[in-house]
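Counting starts at 1 for both ligands and their atoms, following the listed order. Values below: all heavy atoms of this structure, side chains included; hydrogens, waters and symmetry mates excluded. For reference, positions follow the sequence shown, starting with 1.
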Amino acid sequence: MITAQAVIDLTALQKNYDYLKNKLENQKLVAVVKGDAYGHNSVEVAKALPQADMFAVSRIEEAVELREAGISQPILLLEGCFCKEDLETAAELELHTAIHCQETLRDLEDAQLTKPISVWLKVDTGMHRIGVQPHEVSDYVSKIERTGKIAGNVGFMSHFSCADDLDSPATLQQIALFKKATSQYAGPKSLANSAGILFWHDAYFEVCRGGIAIYGVSPCEGKTGRQHGLQPVMTLKSKLIAVRQHQANQPVGYSQTWTAQHDTTIGVIALGYGDGFPRTAPQGTPVYVNGRIVPISGRVSMDMITVDLGPNAQDKVGDDVEFWGNNLPVETVAAHIGTIPYELMIKLTKRVNKRFIR
Ligand SMILES: *Cc1c(COP(=O)(O)O)cnc(C)c1O
């Protein structure tokens with residue numbers, strides 16, 4: 001019997017992509033599928049999005065996997081190539097790369113490319129992680145063009161640090177800086193992530209990059225994807241493997257971290273940190289069972305989670321349990337655990353069976 005399972009709703013995925021694309025005017029929408037599509041399976045996600053203008057990943061291995069699966073749309077390497085040999089592979093596979101520092105520029109100058117490559121210059125407008133400084137842009141552009149190895153015009157991209165915070169002044173500053181540094185160039189420009197697409201119209205430029213939102217999840221704390229018009233794509237489920245009467249004042253689980261206040265029913269679910277559910281989930285983290293929310297009670301173990309089903313519970317061994325998805329927003333669960341939905345979804349292990357539905 002299959003217990004731990006992530007059900008991936010590819011129809012919801014398509015609807016989210018189309019919903020975001022319709023928000024845009026003529027801009028292109030990149031579907032970000034790094035990290036195995038945020039834990040959803042990048043090949044299945046990419047195949048389910050024939051309408052996607054482009055895909056983006058973080059490592060060349062992720063792009064190679066998509067090409068080997070027959071994905072033919074443009075694929076952008078968000079952090080570029082990490083060595084000259086990878087750049088040669090990227091050109092061969094017609095990937096788009098990023099130049100963000102002297103070393104990546106030197107690799108482009110030195111590489112022996114079989115085909116011209118599309119290049120995006122990554123500009124640091126305030127994240128201060130990777131990217132060239134705005135005053136260095138013109139120097140980089142001339143050096144990139146001088147290599148004679150690029151396809152089309154140099155593109156420009158930058159990344160927001162606080163776009164999920166609607167009150168932060170940083171986003172408007174980043175937009176202004178990006179405009180100032182790149183407006184004299186003809187190449188395509190890209191700044192918006194999911195939060196940019198949802199909340200910052202001035203950030204659209206020619207190309208937008210949607211990650212978390214295409215999976216139906218909100219980029220903002222305290223909000224759910226549904227509140228932005230999105231539908232959750234992943235539902236993480238498992239099953240009750242034991243239902244047990246439990247006496248008042250008796251503890252449950254490792255280190256006896258929880259003790260029942262009254263006689264109750266304990267449900268044991270086949271899912272644990274071995275499936276990627278965080279061991280740090282505190283008492284009271286919500287779980288959806290037979291139409292109601294029940295609290296995790298006792299420590300998350302490797303293979304099992306215990307919940308307090310309450311006195312006189314009617315739940316039976318074999319019943320379905322939902323950890324997040326259609327009935328319980330992943331945003332709510334993440335807030336209880338003190339993390340963000342991105343981390344919960346991407347950390348699922350291979351023991352979790354994936355089922356793709358339409
Ligand atoms: C991951 C990533 C995105 C997508 O971010 P979301 O918040 O998931 O939309 C966009 N751009 C870059 C550079 C990224 O690394």
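Looking at K239 and D320, a side-chain N of the basic residue comes within less than 4.0 Å of a carboxylate O on the acidic one, giving a salt bridge. One finds no salt bridge joining K179 and D202 here, because no Lys/Arg side-chain nitrogen approaches an Asp/Glu carboxylate oxygen to under 4.0 Å. A salt bridge is defined here as a Lys NZ or Arg NE, NH1 or NH2 lying under 4.0 Å from an Asp or Glu carboxylate O, and D315 with R292 meets this definition. Electrostatic pairing of D303 and R351 counts as a salt bridge here, judged by a charged N lying under 4.0 Å from a carboxylate O. Using a cutoff of 4.0 Å between basic side-chain nitrogens and carboxylate oxygens, K34 and E62 are not scored as salt-bridged.
Between V32 and ligand 1, not a single N/O pair is under 3.5 Å apart. The shortest N or O to N or O distance between Y342 and ligand 1 is under 3.5 Å. Distances between N or O atoms of I212 and those of ligand 1 include at least one value under 3.5 Å.
Contact annotation for S194 and ligand 1: heavy atoms of both the backbone and the side chain come within less than 4.0 Å of the ligand. When non-hydrogen atoms are compared, ligand 1 lies under 4.0 Å from the side chain of L78 (C-beta onward) but not from its backbone. Contact annotation for K34 and ligand 1: only side-chain heavy atoms (C-beta onward) come within less than 4.0 Å of the ligand.
Within the 6.0 Å centre-distance limit, the rings of F178 and F205 are counted as a close aromatic pair.
Counting only heavy atoms of the protein, atom 11 (N) of ligand 1 lies nearest to R209 NE, 2.9 Å. Nearest protein heavy-atom contact of atom 12 (C) of ligand 1 is H159 CE1, 3.4 Å.
Every atom of ligand 1 is numbered from 1 in the order shown, and the set under 4.0 Å from a heavy atom of K122 is 13 (C). Within ligand 1, the atoms closer than 4.0 Å to a non-hydrogen atom of Y38 are 1 (C), 4 (C), 5 (O), 6 (P), 8 (O), numbered from 1 in the order shown.
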Next on the checklist: Walk me through whether Q283 and T257 qualify under side-chain hydrogen bond (donor to acceptor under 3.5 Å, both in side chains).
Outcome noted: CA-CA 9 Å; Q283 316 295 333; T257 57; 3.1 Å; yes

